[in-house]
S.K.: 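Before I ask anything, let me first share the structure, which is written out below as structure tokens.
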Amino acid sequence: MDHKKIEEKWQNYWYSNNLFKAEDFSSKPKYYCLIEFPYPSGAGMHVGHVRAFSGLEVVSRKRRMEGYNVLFPIGFDAFGLPTENFAIKNNIHPRIVTDNNVSNFKKQLKKCGFSFDFDRAVDTTQESYYHWTQFIFLHLYNKGLAYRSHTYVNYCPTCKVVLSNEESQGGVCDRCGSDVIQKEKDVWFLRITKYAQDLLDGLKGLNASDRIKIEQENWIGRSEGAFIDFKLKQKDDKFTVFTTRPDTLFGAMFMVIAPEHPLIEKYASSITNIDEVNKYKEAATHKTEFERVQLQKDKTGVKLEGISAINPVNGRELPIYISDYVMMGYGTGAIMAVPAHDTRDYAFAKKFNIPMMEVIEGGDITKEAYTDIENGILVNSDFLNGLSVKEAKAKMIEFLVEKGLGDKAVNYKMKDWAFNRQRYWGEPIPIIYCPNCGTVPVPYEDLPVRLPNIKNFEPGENGESPLASLKEFYECTCPKCGAKARRETDTMPQWAGSSWYFLRYCDPNNDHAIADYEKMKYWLPVDWYNGGMEHVTRHLIYSRFWNEFLYDEGLVPVKEPYKKRTAQGLILGPDGEKMSKSKGNVIDPLDVVDEYGADVLRCYILFISDYEMATPWNSDAIKGCARFLDKVEALSSKVNVNDNEYTKDLKVLINNTIKEVSEDIESSKFNTGISKLMILTNAFTERESISLKDYETLLKLLNPYCPHMAEELWHNYHEETIQFAEYPKYDPASLLSDTVTVVVSVNGKLRDKMEVERDLADDVIKEKALSLDKIKPYTLNGVKKVIVIKNKLVNIVV
RNA sequence: GCGGGUAUGGCGGAACUGGUAGACGCGCAAGAUUUAGGAUCUUGUACUGAGAGGUGUGCAGGUUCAAGUCCUGUUACCCGCACCA
């Protein structure tokens, strides 16, 4: 069959008749399938996209056949650096680049026959969309969840842009690979940490693999412990540490504070070696994160001469050090060091010759720190002596609270979200700086703050946004007092637009709200969300944060936006390496569509392996899927159109296939689903003729995977489309065959098989097994025991 | 370092609560058809042995009538986090 002809024919039919339109408030049950919307790069669609979309494509088509009103939308996450860099390099405006890429991407998606509701397509770079991204920012600002703070940030000198920790992992820029440096900047933050606990709690109801949940949990990084106050010996003042091991307080031998800790400045005049301290501090601030990590094992630091702390439980005087192994950004930026029971403190103590004291029995602290919290008994610890670590923790916290020395505490690794970029191609942050009123939010009615159409969008020197040199943009009047004011010229990071797009799909053209509340109430939550493993932390957490916030604002109807989340595995190049242009191992899915057709591409990409596993592409193996579809087509000549019942001896196989193919789709085991369709097809092929009902069942089961072929063949017998034909149901009574193969083994080794009636009594089976010719020789010296597993096996122990 | 995952034929990969290891597909071999090539069809295909049989799921143990599956230890690779107190 000419795949090009039939694919074009049915794609035209589906799209021009709007078959995949999701209907608001339909009385059918709703089902919302969401795939992570793509970034429309110039390279177009990648095989990775095809895999990511094909999974829920199958689910969507199945749901329609099951009578659901399906929302399966598509959109484009189109702001961002690659487009801007391409635009700069080729001197084409990012608007034009984006529009071209989006329209090309849509064309490619349609060539694959994906059943998206294209009418709901969103584009984060359109005014009508970013209006509401800015609207959400204003809500965050007005609730104190967006704030400006002076801090050191990761900065890429090549891209001239501030990077988040995630974008600068390993000390190199995510985008260009240059070394990241630390730069002092005024930065916008979103207070995501306020939602840390909610984000953690919300995971409980999420249907996702442990891998996905644990990764989010680790990213949030909750730990329980205590805040403990330490008095300074020389001053009437104190400072607080966070520790997860309050039980070891008696073993605290020194204190360590981060180089940025305010205590240093506060008591600079009392610190006799302040020059040395400042020198260390200076060096530390200019180290990149990368260098800090590299130097992990080699602890450095300086002792503060002239001030020291007092251990609140035993009065011991504790020297205070500054060291860059303590981070200002975690806990309180200060720790109590217990060298006997913490590996980092141990290394530091060894290097600086600080004595240590064992407070938990069970290890050998002359060799290494003893950190086991499950075993070990407290010693040298006064009222904690003899207790387990767990008991000692509780007792110590009780003691601290009673004496007013500290309190139980919870701490999170997650940090507030740095939310601005000095770039052109992003949403302008809707803030105005007024000489009289200070920072003033743009009034809601003045939104959107339009991204001006400029010619020179190269970043300014010193990492300033290109908008900072555009008078028409930044000159404005204060909405409060009318004075001449200056507009914020930074834009939002790429994560902004993607943090709420799933809401917009419910009502993509609304121009007075992010989406109509009732429509969101109808569609939300997302029933099944699929995307990349790499977005399980950042994007998933950011978008859940925004949704939870908007829920608290009364703007969205559900607290948790996603019910179920899956993550497809990577498709590697034929060489087993990650696909990349430089390695020359990139497979273009459109080439495959051209040669074999969209059905074959979709089928192969799902058949290739377990959906969540990384797997190499194999260009030869595609043929197997092409042959499979040829066989399905060839069957049409065997169909007895007058027979509308299942062929009798195919009944069991067909019913099992319906059950298993359906279940495999629900558990995203698309590969085994296809293999079962192949088995059914092979069984049909072996026969002289099959009934119309047999064949139609196969076509219906095939439709979610290979809809063009299914549709084409279906129309040999029907006027109307197969897309809403009822999905086959199995008859539970027809799943079991009358006879079963029972395996007979001796001492666990397979010796023979026998075909017997189903559900024979154990005694009868045993009898039969023992009388088999192949078995007899083994039982000459007597039988110890016989184990019978009904309908499965007999094991004879001799 | 911590957390998660993976390891099964020549290859991609199947195997539900322990119960026929290798489904399905690729490749390969032989045969049929064909002027040839390609395509298609049939049969075979874990390893080993002439054979009955023996051996096999990274490695070493263990539990069990029975282990790819459970337990203990160990190795390699992949992903994530990373001086998180």
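Residue numbering restarts at 1 for every chain, and letters A, B, ... go by the order of the sequence lines. As the structure is a prediction and not an experimental result, all values here were calculated from the model.
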S.K.: Any Lys/Arg nitrogen of Lys659(A) or Glu663(A) sitting under 4.0 Å from an Asp/Glu carboxylate oxygen of the other?
M.R.: yes
S.K.: Asp664(A): what forms a salt bridge (charged side-chain N to carboxylate O under 4.0 Å, His left out) with it, not counting sequence neighbours?
M.R.: Lys676(A)
S.K.: Whole-Å distance between G80(B) P and His535(A) NE2?
M.R.: 12 Å
S.K.: Name the nucleic acid region contacted by Asp620(A), choosing base, sugar-phosphate or nothing; use a 4.0 angstrom heavy-atom cut-off, strictly under.
M.R.: sugar-phosphate
S.K.: Heavy atoms only, 4.0 Å cut-off, all strands: where does Leu793(A) land among base, sugar-phosphate and nothing?
M.R.: base
S.K.: So Trp495(A) and His535(A), would you call those rings parallel, tilted or perpendicular, with 30° and 60° as cut-offs?
M.R.: perpendicular
S.K.: Have a look at Lys623(A) and say if it touches a base, only the backbone sugar-phosphate, or nothing, with a 4.0 Å heavy-atom cut-off.
M.R.: sugar-phosphate
S.K.: Would you please indicate if the ring centroids of Trp417(A) and Tyr542(A) are separated by under 6.0 Å?
M.R.: yes
S.K.: Which nucleotides of nucleotides 40-47 of chain B have their base under 4.0 Å from a protein heavy atom (B), which only their sugar-phosphate (S), and which neither (-), written as one string 5' to 3'?
M.R.: S-------
S.K.: Going by side chain to side chain contact (heavy atoms under 4.5 Å, CB included), name the residues that satisfy it together with Asn411(A), two or more places apart in sequence or in a different chain.
M.R.: Ser223(A), Phe242(A), Tyr330(A)
S.K.: Between G3(B) and G73(B), how far apart are the P atoms? Round to whole Å, please.
M.R.: 13 Å
S.K.: In whole Å, measure the gap between the P atoms of A29(B) and A39(B) for me.
M.R.: 13 Å
S.K.: What distance, rounded to whole Å, do you find between the two P atoms, one in A85(B) and one in U69(B)?
M.R.: 35 Å
S.K.: For G5(B) versus G9(B), give the span between their P atoms, rounded off to a whole number of Å.
M.R.: 22 Å
S.K.: Looking across every strand, which nucleic acid part, if any, lies under 4.0 Å from Ser323(A) by heavy atom: base, sugar-phosphate, or nothing?
M.R.: nothing
S.K.: Tell me every residue that passes salt bridge (charged side-chain N to carboxylate O under 4.0 Å, His left out) with Glu767(A), counting only those two or more places apart in sequence or in another chain.
M.R.: none
S.K.: Would you please confirm or rule out a distance under 4.0 Å between OP1 or OP2 of G25(B) and any side-chain N or O of Asn682(A)?
M.R.: yes
S.K.: Sticking with atom P, work out how far A46(B) lies from C24(B), rounded to a whole angstrom.
M.R.: 12 Å
S.K.: Could you list all N or O pairs between the protein and nucleotides 54-56 of chain B that sit under 3.5 Å apart?
M.R.:
unit_1 : atom_1 : unit_2    : atom_2 : d
G54(B) : OP1    : Arg751(A) : NH2    : 3.4
G54(B) : OP2    : Arg751(A) : NH1    : 3.2
U55(B) : OP2    : Lys749(A) : NZ     : 3.0

S.K.: Determine the Euclidean distance between corresponding P atoms of G12(B) and U17(B); express it in Å to zero decimal places.
M.R.: 24 Å
S.K.: Could you tell me whether Asp2(A) and Lys4(A) have a side-chain N and a carboxylate O separated by less than 4.0 Å?
M.R.: no
S.K.: Sequence neighbours excluded, which residues qualify as salt bridge (charged side-chain N to carboxylate O under 4.0 Å, His left out) partners of Arg758(A)?
M.R.: none
S.K.: Any Lys/Arg nitrogen of Asp610(A) or Lys669(A) sitting under 4.0 Å from an Asp/Glu carboxylate oxygen of the other?
M.R.: yes
S.K.: Please measure how far the C1' atom in U35(B) lies from the corresponding atom in U48(B), and state the result in whole Å.
M.R.: 43 Å
S.K.: Classify the nucleic acid contact of Ile787(A) as base, sugar-phosphate or nothing, counting any heavy atom under 4.0 Å across all strands shown.
M.R.: base
S.K.: If the cut-off is 4.0 Å, is Lys785(A) near the phosphate of C65(B), judged by side-chain N/O to OP1 or OP2?
M.R.: yes
S.K.: Rounded to whole angstrom, note down the C1' distance from U57(B) over to G68(B).
M.R.: 5 Å
S.K.: Got a donor-acceptor pair under 3.5 Å from the side chain of Lys413(A) to the base of C81(B)?
M.R.: no
S.K.: Less than 4.0 Å between a side-chain N and a carboxylate O, is that true for Glu368(A) and Lys350(A)?
M.R.: no
S.K.: Any idea if G68(B) is syn or anti, going by the 90°-from-0 cut?
M.R.: anti
S.K.: Which residues pass the side chain to side chain contact (heavy atoms under 4.5 Å, CB included) test with Asn207(A), not counting sequence neighbours?
M.R.: Lys564(A)
S.K.: Could you tabulate the donor-acceptor pairs under 3.5 Å formed by side-chain atoms of residues 774-787 of chain A, not counting sequence neighbours?
M.R.:
unit_1    : atom_1 : unit_2    : atom_2 : d
Tyr778(A) : OH     : Arg751(A) : NE     : 3.4
Tyr778(A) : OH     : Arg751(A) : NH1    : 3.2
Thr779(A) : OG1    : Lys776(A) : O      : 2.9

S.K.: According to the Watson-Crick and G-U wobble definition with distances under 3.5 Å, which dot-bracket string, read 5' to 3', encodes RNA chain B, using [ ] for crossing pairs and | for pairs with another strand?
M.R.: (((((((..(((......[....)))((((((.......))))))(((....)))..(((((..]....))))))))))))....
S.K.: Taking ring pair (Phe, Tyr, Trp, His ring centres under 6.0 Å) as the cut-off, I'd like each qualifying pair that reaches into residues 664-690 of chain A, sequence neighbours left out, listed once.
M.R.: Tyr611(A)-Phe670(A)
S.K.: Whether Lys299(A) engages the ring of Phe348(A) as a cation-pi pair (distance to the six-membered ring centre under 6.0 angstrom, angle to the ring normal within 45°) should be assessed.
M.R.: no
S.K.: Can you build the contact string for nucleotides 8-15 of chain B? Use B for base contact, S for sugar-phosphate-only contact, and - for no protein heavy atom under 4.0 Å.
M.R.: ----BSS-
S.K.: Not counting sequence neighbours, which residues clear salt bridge (charged side-chain N to carboxylate O under 4.0 Å, His left out) with Glu224(A)? List them please.
M.R.: Arg222(A)
